[in-house]
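Below you'll find the structure, written out as structure tokens, and then a few comments.
Atoms within a ligand are numbered from 1 in the order they appear, just like the ligands themselves.
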Amino acid sequence: MPRESAAYKVCACASLTQDMAKPTVLVLGATGETGKAILDAFLVDGGFDVEALVRPSSAKKPQVQALGVPIRAASLDAPIPTLVEVLSGVDILISAIDGMHTLQQIPLATAAKTAGVKRFIPSAFITVAPVSSPVDGTIMRMRDIKEQVYTHIRSIYLPYTVIDVGYWYQLYIPAIPSGRAEYAAMIRNRTQIHVGGAARNALVDLRDIASTVVRIVKDDRTINKSVHVYGDVLSENETFAMMEELSGEKIDRRHISAEHIATTRAKFAAAIASNPDDLHTQQMSYGPDYHFSMHVRSDNTPENAAYLGYLDAGTLYPEWKPITFRDYLREVLDGKATKPYGEWALTIGKNLDEY
Ligand SMILES: NC(=O)c1ccc[n+]([C@@H]2O[C@H](COP(=O)([O-])OP(=O)(O)OC[C@H]3O[C@@H](n4cnc5c(N)ncnc54)[C@H](OP(=O)(O)O)[C@@H]3O)[C@@H](O)[C@H]2O)c1
């Protein structure tokens, strides 16, 4: 019997469905890239009552109206008793809030514990890296901030699962001279090879994250664990060679050194220190941090994930066949891919170009 079927039986969901009602899944961040994909995957599964938690200022946005699920509106700054009320009846709380609002999940977790939420999936969904060492300085600021949330969750014994993932294929498209891949590229004209391009990196298609979250939520083996979801492991050099082979075009590579990454990170660190509330600068600092972790330190591998204690989604669900990077590039070259973040990508992607 496949291991997953056994897990479904375990979950059969003694803890979730004693009265045979469908468990209620509440998704925070459902208008975002990750959150929308997750919400849609739960709707496709059909085994859950799916709802969305939105901030009141967004409740009337067309994107919220278009979700097609019941909406619970609350500010994450609301008093804890209000949040407890908002979470009433929720079995699974999933957050895909963006990296700038991470700490807002702390009061939400407190409220989830009181409300009896059976599992909280906080907004993790980043590449594998350790927490920064007190000796060697910051590795990924975003990870350190996320870890504050996980520490709080564990301190109140709230059942949880941390789901980290590969770097999105959608952000790793090598640019080709004809420009025919640019319609799908969030980072435009991406010809940069970082630190020689030899570091292997776990990568994933955004769509595979969502379907795997559904499997993980149904699987009691993943409670109070971290799970690593990835579809391919490739170096930048391998992805560029693959793009050249599939497109028949030669890419003129631009080499980015470890020193350049260090200088950029130092500039951002200084800017953040002088203005800690500047969310835009914080957001822009995440790109060079990713490159430092992925291409200088080579953190983002399945081997390091295993070392750090992650369960491997491919091992948990052997029948799951992720989209490969080669499949994804074919889709891009066939003109069938979608650019993440829509028009907003033009702003953010422009700023990421130089890294
Ligand atoms: N592995 C990778 O390569 C990769 C790539 C990108 C992102 N990520 C990670 O994926 C996760 C999700 O990021 P994303 O880019 O998918 O998010 P996103 O598209 O930017 O969407 C963010 C969502 O959070 C909501 N939100 C923001 N602040 C809120 C608040 N104060 N109260 C309630 N809702 C709020 C937004 O709702 P509104 O409609 O109200 O604005 C939106 O639905 C993050 O942890 C990020 O670090 C990973």
Side-chain angles (χ1 to χ4, degrees), residues 26-40 52-67 69 71-78 83 86 93-108 111 121-129 140-150 162-173 186-187 201-210 212-213 228-232 279-280 282-287 289-291 293-294 299-300 305 325 328 338-345 347-349 352:
L26 184 67
V27 181
L28 170 69
T31 57
E33 289 295 325
T34 309
K36 176 72 166 65
I38 291 172
L39 182 131
D40 287 345
L53 174 59
V54 302
R55 44 183 161 185
S57 57
S58 295
K60 292 206 160 50
K61 278 167 65 169
Q63 298 96 309
V64 171
Q65 305 298 320
L67 292 175
V69 299
I71 301 300
R72 302 185 188 208
S75 165
L76 301 181
D77 295 328
L83 292 177
V86 166
L93 173 62
I94 300 178
S95 169
I97 200 165
D98 58 71
M100 290 182 295
H101 299 96
T102 301
L103 293 178
Q104 299 218 331
Q105 297 170 104
I106 288 181
L108 188 67
I121 314 276
S123 187
F125 306 115
I126 58 168
T127 51
V128 163
M140 287 183 81
R141 182 180 307 278
M142 182 159 54
R143 166 156 304 278
D144 293 350
I145 297 171
K146 285 176 188 278
E147 291 284 345
Q148 292 181 44
V149 177
Y150 313 154
V162 167
I163 303 174
D164 275 320
V165 302
Y167 197 68
W168 292 359
Y169 294 169
Q170 283 78 2
L171 299 175
Y172 223 53
I173 307 171
M186 177 174 156
I187 300 174
N201 273 289
L203 307 172
V204 75
D205 191 298
L206 172 58
R207 294 164 291 185
D208 273 330
I209 299 173
T212 312
V213 171
H228 186 213
V229 179
Y230 62 95
D232 233 330
L279 292 183
H280 179 71
Q282 273 183 42
Q283 185 183 36
M284 296 316 303
S285 75
Y286 294 153
D289 274 6
Y290 266 117
H291 290 308
S293 173
M294 289 167 56
D299 287 320
N300 180 33
F325 192 70
Y328 176 69
T338 310
K339 189 208 300 268
Y341 301 110
E343 288 310 303
W344 182 66
T347 321
I348 188 85
L352 291 172

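Close to ligand 1: A96, with a non-hydrogen atom less than 4.0 angstrom away. Contact annotation: G166 has at least one heavy atom less than 4.0 Å from an atom of ligand 1. Put simply, part of K146 is less than 4.0 Å from ligand 1, judged by heavy atoms.
Using modelled atom types, one side-chain atom of D232 and one backbone atom of F325 make a donor-acceptor pair closer than 3.5 Å. Checking side-chain atoms of Q148 against main-chain N and O of I145 turns up no donor-acceptor pair under 3.5 Å. At distances below 3.5 Å, not a single donor-acceptor pair connects side-chain atoms of K146 with backbone N or O atoms of T102. A side-chain donor-acceptor contact under 3.5 Å links D289 to the backbone of R141. Put simply, the side chain of D164 never gets that close to the backbone of H228: no donor and acceptor are under 3.5 Å apart. A side-chain donor-acceptor contact under 3.5 Å links Q65 to the backbone of A59. A donor-acceptor pair is defined here as one N or O able to donate and one able to accept, closer than 3.5 Å; no such pair exists between the side chain of Q105 and the backbone of V149.
Between the CG atom in L103 and the CG atom in L76 there is a gap of 11.5 Å [rounded to 0.5 Å].
The residue from Q283, M142, R143, K61 that puts a heavy atom closest to atom 38 (P) of ligand 1 is K61. Taking all heavy atoms of I145, V128, T34, T31 into account, the minimum distance to atom 10 (O) of ligand 1 is reached by T34. Across R55, M140, Q170, K36, heavy-atom proximity to atom 30 (C) of ligand 1 is greatest for R55. For atom 4 (C) of ligand 1, the candidate residues are Y286, Y172, W168; the nearest heavy-atom contact is made by W168. Closest heavy-atom approach to atom 8 (N) of ligand 1 within the set Y169, F125, Y230: this belongs to F125.
Here Q63 has no heavy atoms under 4.0 Å from ligand 1, in either its backbone or its side chain. With a heavy-atom cut-off of 4.0 Å, T102 does not touch ligand 1 at all. Only the side chain of L76 comes within 4.0 Å of ligand 1, judged by heavy-atom distances. When non-hydrogen atoms are compared, ligand 1 lies under 4.0 Å from neither the backbone nor the side chain of M100. Heavy atoms of E33 found under 4.0 angstrom from ligand 1 belong to the backbone as well as the side chain.
Side-chain atoms of L279 and H101, non-hydrogen and from C-beta on, do get closer than 4.5 Å to each other. With contacts defined as side-chain heavy-atom distances shorter than 4.5 Å, the pair W168/I209 qualifies. Annotation: side chain of V27 is not in contact with side chain of K36 (no heavy-atom distance under 4.5 Å). In this structure the side chain of D299 never reaches within 4.5 angstrom of the side chain of T127, judged on heavy atoms.
Those atoms of ligand 1 that come under 4.0 Å of a heavy atom in A124, given as number and element, are 45 (O). Each of the atoms 30 (C), 31 (N) of ligand 1 lies under 4.0 Å from some heavy atom of Q104. Applying the 4.0 Å criterion to heavy atoms of D98 picks out, from ligand 1, the atoms 17 (O), 20 (O), 22 (C), 24 (O), 27 (C), 28 (N). Atoms of ligand 1 lying under 4.0 Å from at least one heavy atom of Y341, given by number and element, are 6 (C), 7 (C), 14 (P), 15 (O), 19 (O). Listed by number with element, the atoms of ligand 1 under 4.0 Å from a non-hydrogen atom of L28 are 33 (C), 34 (N). Close approach of ligand 1 to V165 (heavy-atom distance below 4.0 Å) involves ligand atoms 1 (N). For ligand 1, the atoms sitting less than 4.0 Å from at least one non-hydrogen atom of Y167 are 3 (O), numbered in the order shown with element in parentheses. Close contacts between ligand 1 and Y290 involve ligand atoms 2 (C), 4 (C), 48 (C) [criterion: under 4.0 Å to a heavy atom].
Taking distance alone, with nitrogen or oxygen atoms compared against 3.5 Å, G32 approaches ligand 1 more closely than that limit. Considering both main-chain and side-chain atoms, L171 never comes within under 3.5 Å of ligand 1 through any nitrogen or oxygen pair.
Below 30°, between 30° and 60°, or above 60°: for H291 and Y167 the angle between ring planes is between 30° and 60°, a tilted geometry.
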Residue pair V54, K61: steps toward the side chain to side chain contact (heavy atoms under 4.5 Å, CB included) verdict
CA-CA 10 Å; V54 302; K61 278 167 65 169; over 6 Å; no
